[in-house]
Amino acid sequence: MRALIAGNWKMNGLGEDAKALAEGLKGLAEGGQPACDLLVCPPFPYLGLVAQTLAGSRIAVGGQDCHGATSGAHTGDTAAPMLRDIGCTYVIVGHSERRADHGETDAQVRAKAEVALAAGLVPIVCVGETEKERNAEQTLAVIARQVKGSVPAGMEAGRLVVAYEPVWAIGTGRTATPADVVQVHAEIRRLLVGLVGEGSEKVRILYGGSVKPDNARELLSQANVDGALVGGASLDAESFWAIAESA
Ligand code: 13P
């Protein structure tokens, strides 16, 4: 399966930083693109700017979130059709930072994934256990609950991405061991068979959590690891590129 390397810029940088990063990536892409799909998810105010800068390149642009309704009285929120309208093709939903900061539930995350699909976007549905849950040996139970609750059932497999991001590995420099990643990704694949049915093997399962140029190759070579969702290391064009080249 062709890997997807996605950069989640989170709430970092101003317009000039977003433009410089997008231009840096575009320049690297002109020298030849790695054999994977590439995606960047900038902060909302700079989505249009980045989409324009990357127009004509093969680097896709996505939102970091969308609302679970297609329009209406939701002050401060962003609708999936708006993201599609400005050139996005993907949207991250249910990131652990949104689950924690905004109390998003699995049902809300599923609604977001459904409106994203209806708007023609590919949702990247994030799941992952906290350190406390991991220490209590609850990892697989938490993942099962989140996948069953957040992934819309019976969806077109080619248009769905799931990201496993252990919360304790995000921004900490600690990554799950390859053995942990293999175990959790196999469990997600097994759950997807029941949820998605035929074609479930086509759903890309990304790993996220302190992916860096020096650990990417090992993580990306594990079974059922179909790409990476990169935070900190995606804020530097060269390091994001180095990760993409290891895919
Ligand atoms: P870091 O790569 O900074 O750990 O962030 C991972 C992440 O949360 C991507 O969505």
Not counting sequence neighbours, which residues clear side chain to side chain donor-acceptor pair (under 3.5 Å) with Lys19? List them please.
Glu23
Keeping the roles fixed (side chain from [X], backbone from [Y]), state whether a donor-acceptor pair exists under 3.5 Å.
X: Asn12; Y: Trp9; result: yes
X: Ser246; Y: Ala242; result: yes
X: Asp17; Y: Leu14; result: yes
X: Gln183; Y: Asp180; result: no
X: Lys26; Y: Leu54; result: no
X: Thr89; Y: Ala60; result: no
X: Ser234; Y: Gly7; result: no
X: Gln146; Y: Gly128; result: yes
X: Arg99; Y: Cys126; result: yes
X: Arg159; Y: Leu117; result: yes

Would you give the length of the straight line joining atom [atom1] of [X] to atom [atom2] of [Y], rounded to the nearest 0.5 angstrom?
X: Cys36; Y: Asp226; atom1: SG; atom2: CG; value: 12.5 Å
X: Leu195; Y: Ile188; atom1: CG; atom2: CD1; value: 11.5 Å
X: Leu47; Y: Gln52; atom1: CG; atom2: CD; value: 11.0 Å
X: Cys41; Y: Asn8; atom1: SG; atom2: CG; value: 6.0 Å
X: Arg84; Y: Leu121; atom1: CZ; atom2: CG; value: 6.5 Å
X: Glu238; Y: Leu28; atom1: CD; atom2: CG; value: 5.0 Å

Going by heavy atoms in the side chains, are [X] and [Y] under 4.5 Å from each other?
X: Val161; Y: Leu206; result: yes
X: Phe240; Y: Ile59; result: no
X: Pro178; Y: Glu218; result: yes
X: Leu38; Y: Gln33; result: yes
X: Met1; Y: Arg204; result: yes
X: Ile124; Y: Val93; result: no
X: Asp65; Y: Ile92; result: no

On a heavy-atom basis, which atom in [X] and which in [Y] lie closest, and how many Å separate them?
X: Ala223; Y: Val182; value: N-CG2, 4.3 Å
X: Ala247; Y: Ala3; value: CB-CB, 4.0 Å
X: Asn224; Y: Ala186; value: ND2-CA, 3.9 Å
X: Ala113; Y: Val125; value: CB-CG2, 4.1 Å
X: Ala116; Y: Pro123; value: CB-CB, 4.2 Å

Might you work through the side chain to side chain contact (heavy atoms under 4.5 Å, CB included) test for Val40 and Leu25, ending with a clear yes or no?
CA-CA 10 Å; Val40 292; Leu25 293 170; 3.6 Å; yes
Will you find, in the side chains of [X] and [Y], an N or O donor that is under 3.5 Å from an N or O acceptor?
X: Gln64; Y: His95; answer: no
X: Thr175; Y: Asn215; answer: no
X: Ser150; Y: Arg145; answer: no

Answer with yes or no whether the hydrophobic clustering places [X] together with [Y]; edges join I, L, V, M, F, W, Y residues whose side-chain heavy atoms lie under 4.5 Å apart.
X: Val162; Y: Leu140; value: yes
X: Trp168; Y: Leu219; value: no
X: Ile170; Y: Leu220; value: no
X: Val115; Y: Leu83; value: no
X: Val91; Y: Val147; value: yes

Ion pair [X]/[Y], N-O distance below 4.0 Å:
X: Glu131; Y: Arg134; value: no
X: Asp37; Y: Arg58; value: no
X: Arg189; Y: Glu201; value: no

Only one of Val225, Leu192, Leu4 clears side-chain contact (heavy atoms from CB on, under 4.5 Å) with Ile205; which?
Leu192
State whether the number of non-hydrogen atoms from other residues, nucleotides or ligands found under 6.0 Å of Arg217 atom CZ is greater than 12.
no
Pairs satisfying side-chain hydrogen bond (donor to acceptor under 3.5 Å, both in side chains), at least one member in residues 66-81, at least two apart
His67-His74
Measure the acute angle between the ring planes of His185 and Tyr207, then classify it against the limits of 30° and 60° as parallel, tilted or perpendicular.
tilted
Given side chain to side chain contact (heavy atoms under 4.5 Å, CB included), test Lys112 with Glu104 step by step and report yes or no.
CA-CA 10 Å; Lys112 289 169 186 240; Glu104 288 186 8; 2.9 Å; yes
Stepwise side chain to side chain donor-acceptor pair (under 3.5 Å) test for Tyr46 and Glu16
CA-CA 9 Å; Tyr46 309 126; Glu16 62 189 279; over 6 Å; no
